[in-house]
Amino acid sequence: MDGQHLETPRSHTTADRASSAMSQNPRISSHTSESMKDLSCRKVPQNSAHRDRPAHPTTTLLSKSHISQAALGPQEHSVFLKEASNAAICFKMLRDLNGVDPYHLKYIINKIKDMAHEAPDLVLEAIHHYFIDNPEISNQHKLQLLHTLETVIGASDSLEERWREIFMKLALENMTKSTELEEVYQNAASNVLVAICRHSWQTVTQHLETEVLTGVFPHRSLLYVMGTLTSNQKLFSEGEKACWEEQLTQIAVKSVQFLNTDMWSKELLWALTKPDRTHYEQPPEKAFLFVYYGLILQAEENSAMVRTHLQSLLETSHQWSKQREGIALTVGLAAARHLDHVWAILEQFGQSAPIKRSLHSFSPKTSKDLRWKWATSTILLAYGQMAAKAKAHILPWVDNVLSRMIFYFHCSSWDETLKQSFLTAILMLVGAVSRSEGAHSYEFSQLSQLFECLMALMEKEPPDSLCSSTREQTIHIISSLCKLRPALDSEKKSRLLSICLHSVLALPLLDVLEKHACLFLEPPNVQGLRPPDRFLVPTQTLYSKTSEALDKMLQTFITQNPTADELQFLLSHMYIWLASEKAHERRRAAHACTALLKFLTHNHYLDPKEDFKQIGQLMGVLGILCQDPDRATQLSSLQGLGHLYQLLLRHRAEALRVEALVPEPLFQASEDEDPLWSSGDQKDTLPTPQKVAFPKDRIFQLGSSQVIKEVMKHLTVAELTDVTWTAIDGLDSSSTFHVQAAANMVLTVVQEHGAKLETVANLGRAIHLQLRCGRVPQAQEKALRAITLLARNHTAELVATFLDVSVPLNSRAFQLWRALGAEQRVSRRVLVVLLALLQERPLPIGADDSSPQPKEKTYLRSLAAMNILHELQLTREFEKAMQEAYPQLLLAFLAQIHYMLELSLPTGPQRDQQAPEAATPSPQSAIGQGVTLSCMEAGNPLFLGIPVPGYSGRRLSKEQEAAGNGFISAGPAHVAGCPCVAEREPITQQGHPPGHRKPLEADGLLVPMPISLDTAPLLPRRMSLEALKSLLTSMGHWQDLAHLELQGAWELFSTIHTYPQGVSLLARAMVQNRCQQIQEVLIQLLPTLQSQEERERKVAILMLTEFLYSPALLEVLSKQDTLNVLTRSLRDPSPEVRVLSLQGLRSVLFHPDQGSLLRGQLPRLLNGFFQKNEPVVELIMGTVSDVLHRLGACGVGVQCLSVAINARSFFDDERDRIRAAAMALFGDLVATMAGKEPSSLRTQVYQSMVPLLLHLKDRCPAVITQAKFAFYRCAVLLHWPLQHTLFCSLAWERSISARHFLWTCLMTHSQEKFSIHLAQALSHLHSPHHHIRTWAALFIGYTICYHPQAVSQMLNDADRKLLLCTFEDLKKDPEPGLREFATKQFCFLQQVAARPQ
């Protein structure tokens, strides 16, 4: 370039002045050179290659100076030096641009840019002169200078006209210059022109228009500039951009004529199809050429010409993504004016043979076939561009376009390219429709099919990787489509939500996703080239955008349908993820839920008049997640609760304000705060607003427990119940933390609002079901604690509920009952409710005849209550309450037994009978075998799963009770008979009736556990009887139990006819044992005499008639009051009650003269003992027993000795019935005289002990029974210790150890009668009965072992021989222990006999 042409009109420029000054003043020149050299060394480090490069002579920098050489004034000297220094530095840096490494190159350019900010003219002039003065510099150096010039012009705030003209000319000259740098050099020059365009775009664009419209196909650099101007959004303002687009349109209109020129058209098509240097980034010139081509076709009037050119364009290669996008853009621009023709061309192209071959499974055979592989992708993009460019005109075409897109979606060979093209096209289409004002008046018939495609696309996404924006784009499309008509139906929306949530929330952790991303870096095309790093989106960014898209979709749903139902619908699909076992899934779901609540809090979409449904469930879920081990989940859930709190406050306040119709609230909220409450009446369902509410953001500063409690204050009762239900459901989770958190939530709700909760019965039933499969002990404890708290206000509901779930009763159900009674005052109420339920005893239809039973057996609830009361007797929680309620329980249990007899329910096989169905196990027999059956499984509604007879359970330790072990629905029964000595267990002083589980212990002595009457299944009647026995034992009334047990009186409760005798014997035992509870029982039974139920009146009158013989009666009732009570009972509707009342009126209490009369009859009765008629004698003895009972406290006086002597004389009678009657009479006598017996009677008692003891082995069961009772009563009269142990041994033990214990008791407590006892035993060796002789021999054997010297002195030869013969026979006894004992005694007796006298 000629330097003369670049001269500027200014004569005194900065560079000229600097050059002149440096040339005229050597000192300045030298100083400047040194300064530049020093600056260069300090601030611009250079490599060795740079240092070795030949330097340009310094004169080159200033050789073209035109500054006058006039001397400068002193005032300009300082400015001159500074400008000269900067100019020299700038020239130095421009020279150093050549050959430096990229790092230093960037450094120099930045320095020049900084200098240009302070002195733009100096830098621009330096660059201009550098180009002029150094025409021989290399193209590489010029390239760097052009880059520098672009940077300086771009950074300048303005550009003078002279510089604009100079550098525009420089750029145009270099834009078309061919160098070894090829397009890089041309692009650098073109960028200078683009930079100039920032300051004067009209001039540049006008020049470009001129060059383009010459008729010759434009040089690529011109297209490059135009493409950059079109694509760079920062070059123009909004107004300028519109003007440029308008100008570009005019250029296209003027270029229409060139379509008819073959050369121009061919060059255009060649430029469009020329391969790019990289297929991931399209050069600006080519991108612009597609736009330019589309605008030309848009302006073309001749539709045939348009179709021809589009056809030619579509027949080019579709192999590369940018090429496909460009073709689609051109088609779309043409469609803006030729929509019909473009549609026809695309339809025609879709029907062409190459396209048909590319559909479905396309396998290219040659490299040329690849050009058609992704042609359907181009068509999809073309449809999208067609919709985008046609704008509002596309609305009538939307369904057609969608149908074609859906067709290609289903029919094309599926890969990543097609997927991205489909999504891009849909996004463009949806965007165009959304921007159209009339879109909402249209109903698009293809939306349903499009949703199916999108759901299929989401489902096909790899579940373990996130390498593209497919999910994000799909969700964005769904969000936009939801705004169109028709709206999605609930079923499809539900499926859509589920798929989207699963596709996003179920992705692996980010580090796993990043590892997978490294495996999927290859592009989805056959070249397999790795895309540049700038095209790879980080996995974190991809997921963040996808998550944001999901949040937007949820917000769109609620925006389109702002109702509480819609909110609940959305949340219902998120709950499964909020409860996921995977921490990252819960974290993501909590974040999404919180984002939705935050959106609703900041945007008031929900109508305050509408009921805020299921907020309790959301509250429960978020509350549980506030205790999540993952910190991020905790924080998100806590924030969600905070937003829920704000939303709830505003909703409640606005709802109250609307209902009250009060214009001004009492509390005026600040501008950034919603009113927390309003005046006016509020509904019962709305909670009372808090007078001290938290500020809007204060809630976010609280801990999770405080937030939960604060939110609960504003929930209605129904919502609190929902919270509880949600937490209870959480107890079933497989996650330990979730179960613990749910239990905490349940406990919190009950603690704070337990009194207000609804459906408590169902809540209790649900807690029971969850406890059945509970695996977290801490959670179980808290759930049971919640039951305890609920019972304070809902005792009746919970008792009724747990009664239903306690059939059969198992350990989990039993834990609930213990929890109910954990608090003393509640345990009393529990018993009251159970007693009330027990007394609901309806008789089923057909109870007294053979008519069929009703399907619903209403009496089962009473049976279940009986079972529970039976079990609760052994728990420490109910111990005190049971003791207080003993009178009520006693009467209720007795009435229950009567009720069981009234029901005519089946009874188990008798002891001496073989059950006919023994061969085939029945449901009832399964109970006795330890099999737990439900009512439905067993087919027997009476099965209540109570403990079986003989089960030797114990009162549990605290640890065992806490674990819930040891309580069974049906445990294994002991085999009939006595366990061996090795299985003995400690005995307690408290009673242990059959079938009960209290251990027996006394001073360390071991006695086997008692066995029940038999091992028959526990049917309801038997269960009721066992409950009565257990009550007597657990409440400390074992003496009364012993009284009946030893007489075998429990059998009296087996039939309705003998039932009164059993009740009377129990009451009599209480009187004879001087029971301390008689007064309380009397107080309780008096109102019972007025009961509506005959059975209860019957029990009461039976007890009362026996209590007439107790001194405690007169402490409760006077004689006259008692008489009045009995007299009223004579008018009772029941004949039995009237008869019993009449019998009571005959008592000695009301007729004192009867005592002497009865005592006067005793001698005659005693004489009748010696009659030969056995039944008569038996009857007389029974009569004497009855007389003893009727005399009561009056007693028989001195005649007791005669009665005792006469009764004892028949102990060894040959007649079984007489022996039994005599022993029964003796036992009754001792029981009657206890406490007031004369010494002579005690002598008779001592003398009767050995016969009674030996007759425990009598052949007659009746004799054995009466012998037991008489022996026990004698021990009581003699005040022996260990009476309870003695009773247990007599009642249930059969082993040798028990016999030894009885012998020990006798010989220890009556040593002074040693000789009498031994003599009696020796006399029984002559008994004709084998068992008596055996027992006598054992008695003597024990005596020999412990008192050998005394025995040897009393035995004569005949006695020794008799003993030896007896023990010789016993050595053959079938019992091993007895054989061993007999062998040892036989040897010992032989040794004694061999000793010298």
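What you see below is based on every heavy atom in this structure, not just the backbone, and it leaves out hydrogens, waters and symmetry mates.
- Scanning both residues, Tyr130 and Arg95, for their nearest heavy atoms gives OH-CA, 3.2 Å.
- In terms of modelled atom types and a separation under 3.5 Å, the side chain of Gln298 and the main chain of His338 share no donor-acceptor contact.
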Check: Would Val216 and Glu211 count as a side chain to side chain contact (heavy atoms under 4.5 Å, CB included) if you check the C-alpha gap in whole Å, the side-chain angles of each, and the deciding distance to 0.1 Å?
Finding: CA-CA 9 Å; Val216 179; Glu211 292 293 331; over 6 Å; no
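- The closest side-chain heavy-atom distance from Val204 to Leu193 is below 4.5 Å.
- Taking the six-membered ring wherever Trp is involved, the centroid distance between the rings of Phe167 and His199 does not fall below 6.0 Å.
- Checking side-chain atoms of Ser480 against main-chain N and O of His476 turns up a donor-acceptor pair under 3.5 Å.
- No hydrogens or angles considered: a donor-acceptor pair under 3.5 Å links the side chains of Glu246 and Gln250.
- At a threshold of 4.0 Å, the pair Lys545-Glu548 does not count as salt-bridged, since none of the basic side-chain nitrogens sits closer than that to a carboxylate oxygen.
- Between the OG1 atom of Thr330 and the CZ atom of Phe290 there is a distance of 5.5 Å, given to the nearest 0.5 Å.
- Looking only at side-chain heavy atoms (C-beta outward), Ile296 and Phe258 stay at 4.5 Å or farther from each other.
- The aromatic rings of Trp201 and Phe236 lie perpendicular to each other, with more than 60° between the two planes, well past the 30° mark.
- In this structure, the side chain of Glu300 does not engage the main chain of Val306 through any donor-acceptor pair within 3.5 Å.
- Ion pairing of Lys241 with Glu245 is present here, as a side-chain N (NZ or NE/NH1/NH2) and a carboxylate O approach within less than 4.0 Å.
- Remark: Glu285 CD to Thr228 OG1 distance equals 8.0 Å, nearest 0.5 Å.
- Rounded to the nearest 0.5 Å, atoms CD (Glu150) and CD1 (Ile109) are 9.5 Å apart.
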- [ ] Quick one: do Leu213 and Ser255 satisfy side chain to side chain contact (heavy atoms under 4.5 Å, CB included)? Show the steps, please.
- [x] CA-CA 7 Å; Leu213 297 178; Ser255 301; 3.4 Å; yes
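- By the neighbour-count criterion of 12 heavy atoms within 6.0 Å, atom NE2 of His147 is densely surrounded, having more than that number from other residues, nucleotides or ligands.
- With contacts defined as side-chain heavy-atom distances shorter than 4.5 Å, the pair Gln140/Tyr185 does not qualify.
- Pairing each heavy atom of Thr151 with each of Lys113, the nearest pair is CG2-CD, 3.8 Å.
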Practice prompt. List the steps, then state whether side chain to side chain contact (heavy atoms under 4.5 Å, CB included) holds for Lys142 with Asn139.
Written response: CA-CA 5 Å; Lys142 289 181 181 180; Asn139 291 325; 4.2 Å; yes
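- For Glu238, the CD atom counts as loosely surrounded, since its 6.0 Å shell holds 12 or fewer non-hydrogen atoms of other residues, nucleotides or ligands.
- Nearest approach of Asn134 to Ile137, heavy atoms of both residues: O-CG1, 3.2 Å.
- Inter-residue side-chain proximity for Ser265 and His309 is flagged as met; some heavy-atom pair is nearer than 4.5 Å.
- Side chains of Gln540 and Ser544: a donor on one and an acceptor on the other come within 3.5 Å.
- Atom CG in Leu542 sits 7.0 Å away from atom OG in Ser468 (nearest 0.5 Å).
- Glu240 has its side chain within reach of Ser237: a pair of non-hydrogen atoms, C-beta onward, lies under 4.5 Å apart.
- Judged purely by atom type and a 3.5 angstrom limit, Ser138 uses its side chain to pair as donor or acceptor with the backbone of His141.
- Judged purely by atom type and a 3.5 angstrom limit, Thr230 has no side-chain atom pairing as donor or acceptor with the backbone of Phe288.
- Side-chain atoms of Ser547 never come within 3.5 Å of backbone atoms of Tyr543 as a donor-acceptor pair (strictly under, hydrogens ignored).
- Of the possible polar contacts, none joining the Thr316 side chain to the Ser312 backbone as a donor-acceptor pair under 3.5 Å is found.
- Nearest heavy-atom pair across Asn260 and Met305 is OD1-CE, 2.8 Å.
- In this view, His318 and Thr378 satisfy the side chain to side chain donor-acceptor pair (under 3.5 Å) rule, not counting sequence neighbours.
- Side-chain polar atoms of Tyr224 and His219 form no donor-acceptor pair below 3.5 angstrom.
- Between the side chain of His207 and the backbone N or O of Gln202, no donor-acceptor pair lies under 3.5 Å.
- When side chains are defined from C-beta on, Leu223 does not count as touching Lys286, because their heavy atoms never get closer than 4.5 Å.
- At least one side-chain heavy atom of Leu229 sits under 4.5 Å from a side-chain heavy atom of Leu208.
- Although no hydrogens or angles enter the test, the distance criterion places a donor-acceptor pair under 3.5 Å between the side chain of Arg337 and the main chain of Ala299.
- Nearest heavy atoms, Trp374 versus Gln319: CE3-O, 3.7 Å.
- Within the 3.5 Å criterion, the main-chain N or O of Lys234 finds a donor-acceptor partner in the side chain of Asn232.
- In this structure the side chain of Leu159 never reaches within 4.5 angstrom of the side chain of Ser200, judged on heavy atoms.
- Leu145 contributes atom CG, which lies 8.5 Å from atom CG of Asn98 (distance to the nearest 0.5 angstrom).
- Rounding to the nearest 0.5 angstrom, the gap separating the NE2 atom in His129 from the CD1 atom in Ile132 is 6.0 Å.
- Closest of all the heavy-atom pairs between Met386 and Ala335 is CG-CB, 3.4 Å.
- Between the side chains of Thr470 and Gln420, at least one donor N or O lies within less than 3.5 Å of an accepting N or O.
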**Request:** Just do the side chain to side chain contact (heavy atoms under 4.5 Å, CB included) check on Val212 and Tyr292 with the steps written out, would you?
**Result:** CA-CA 11 Å; Val212 169; Tyr292 180 44; 3.4 Å; yes
